[in-house]
Amino acid sequence: MKRENNLLLAALVLAGLNMRPLMTSVSPLLGQLRQSIGLSPLAASLLPAVPMMMMGAIALISAPLMQRFAVRRLLLGGLLLLLLALVSRLFVTDGRWLVLTAVPGGAGIGIVQMSMPGLIRQRFGSRSAGVTGLWAAALMGGGGIGAAISPWLSAHSGWQGALSSWALPVVLAILLWLFITTTPPAARTEAAEMPSLWRKTRAWTLALSFGLVNGGYAICVAWLPDFYHQLGWSAQASGSLLGMMIGCQVTGALLLPLLARGRDRRPLLLLTLLMQFSGMLGFLFAPQLAPWLWAGIAGFGLGGAFPLALVLALDHLEQPQAGARLVAFMQGVGFIIAGSMPFIAGQLHAFTGHFTSVWGLQAAITLLLIGLNLRFHPRSYQRSFSRVNR
């Protein structure tokens, strides 16, 4: 059993590493894409938005998918869709087609992401918070690698080669999941008896919080390299800054869930939000003074908030299947919100002509999130879903 769990952890980490390069590999190359294929501001805004919205759409229809298909088949299907999207980027010659590749890629990522929380909760039990942090760290770490290495790959193989080369680690992940022949206990999710989440205020507030936090991540992925590129930085340097920021996200995702004690997640969540707020103020008022510090602080906060939000949602419900459905709803609505954020930021930048408005918007949203997360007291869990926990 220990060997099987270790193999499952390895497969989980490798799958996580492939969840973000589809998005993060593009942002350091925006300047090159504008010159090579005339990438429009609208298309640049849609490149990170479309995958996240597809993730949300898939999460919202996750219940029938998880009832009909085994987790392993879902994971393999999602990875194959992602592979198709990345390989097709080798043949893209137009900005519109580049955006279209994000549709199957986002769907594939969404299928993999919807399967993981319930699998982790049922297979790893009391270790689920730590394993969730490991999953989130792998997810973010892959994004950092994609941002940092893509400019170097582009210099050696062109932007098409750089964007499509991320298909290789997806192939490795597929091979590893094919090697796992035994189906984990969480292979099928039975329908949990619970009222419609669409009518539950707490489900919506959790989704809003999750979406706005991930919207901050999406804005940084989409526009931070371009922001510093316009300040005179090279594509490699601005991509490395994003890579370092995501590296700090990995650290936050690994460490903060381990510090979670008891049922009250608010102290750590508020800490992550204050760090995000500090980083956004740095980008807003002194971007050249200490850019690595601002990116590191914001990254650590963004990274820690992601797994804590997943654990917070699972804490609300005792039944693993019901918790998985709540997480799916939270991610579904949340990723649609998050996907809209880089698009809104891009249009705001196009309207104002500078990024000050973008960082100001995200700082204001972070203050809103602080007020929202104060509502998530453990005593409210039972009351919010009383018909489920009866």
Side-chain angles (χ1 to χ4, degrees), residues 12 15-16 19 52 54-67 69 71 74-75 78 109-140 184-214 217 253 257 260 263 265 269 304-339 372-373 376 378 380-381 384-385 388-389:
L12 182 150
M19 294 295 98
M52 288 198 132
M54 290 301 301
M55 293 178 215
I58 292 296
L60 288 176
I61 61 169
S62 63
L65 287 175
M66 295 182 73
Q67 290 164 22
F69 299 103
V71 166
L74 287 172
L75 290 168
I109 293 170
I111 291 171
V112 175
Q113 288 184 168
M114 79 173 184
S115 307
M116 285 299 181
L119 172 64
I120 291 171
R121 182 69 176 264
Q122 291 196 19
R123 187 63 185 254
F124 295 98
S126 61
R127 298 168 54 202
S128 60
V131 177
T132 299
L134 180 64
W135 158 250
L139 186 148
M140 296 170 189
R188 292 185 184 274
T189 301
E190 300 296 331
E193 292 186 9
M194 59 187 298
S196 173
L197 292 173
W198 295 91
R199 299 179 181 180
K200 289 294 180 180
T201 302
R202 177 53 58 90
W204 282 99
T205 54
L206 287 169
L208 178 62
S209 177
F210 182 82
L212 292 177
V213 166
N214 281 276
Y217 167 81
R263 299 194 71 200
R265 312 299 180 186
L269 279 168
F306 182 85
L308 287 172
L310 295 179
V311 173
L312 174 67
L314 290 170
D315 285 345
H316 275 73
L317 296 167
E318 295 175 1
Q319 297 172 308
Q321 296 90 348
R325 282 185 59 188
L326 177 58
V327 169
F329 179 87
M330 181 183 75
Q331 291 191 103
V333 176
F335 277 126
I336 290 173
I337 295 171
L372 183 61
N373 277 266
F376 299 143
S380 68
Y381 298 170
S384 300
F385 295 99
V388 183
N389 286 321

Check the orientation of F329 and W198. Use parallel for under 30°, tilted for 30 to 60°, and perpendicular for over 60°. perpendicular
Rounded to the nearest 0.5 angstrom, the CG-CZ distance for L269 and F376 is 8.5 Å
Taking side chain to side chain contact (heavy atoms under 4.5 Å, CB included) as the test, write out the residues that go with A253, two or more places apart. A136, A137, M140, P307
Which distance, rounded to the nearest 0.5 Å, do you find between the CG of L74 and the CD1 of I111? 7.0 Å
Interatomic spacing from CZ in F335 to CG in N214 - rounded to 0.5 Å: 5.0 Å
Within the structure provided, determine whether K200 and L326 are in side-chain contact (heavy-atom separation under 4.5 Å). no
Any residue meeting side chain to side chain contact (heavy atoms under 4.5 Å, CB included) with L208, in chain and number order, not counting sequence neighbours: L212, I337, L372
Quick check for you: to the nearest 0.5 Å, what is the distance between R265 atom CZ and N373 atom CG? 13.0 Å
Would you say that P378 contacts D315 through its side chain, given a criterion of any heavy-atom pair below 4.5 Å between the two side chains? no
Contacts of S380 meeting side chain to side chain donor-acceptor pair (under 3.5 Å) (sequence neighbours excluded), chain-then-number -> R202
Nearest heavy-atom approach of G56 to I336 is CA-CG1, 4.0 Å
Mind checking the CD-CE spacing from Q331 to M116? Nearest 0.5 Å is all I need. 11.5 Å
Are side-chain heavy atoms of I109 and M52 found at a separation under 4.5 Å? no
Once rounded to the nearest 0.5 Å, what's the spacing between atom CG of L60 and atom CE of M55? 13.5 Å
Contact summary for M330 and L206, nearest pair of heavy atoms: CG-O, 3.6 Å
Chi angles and distances behind the side-chain contact (heavy atoms from CB on, under 4.5 Å) call for M114, I58: CA-CA 8 Å; M114 79 173 184; I58 292 296; 3.9 Å; yes
Counterpart residues, side chain to side chain contact (heavy atoms under 4.5 Å, CB included), relative to A309 (two or more places apart): F210
Set of ring-ring contact (aromatic ring centres under 6.0 Å, His included) partners for Y217, sequence neighbours left out: none
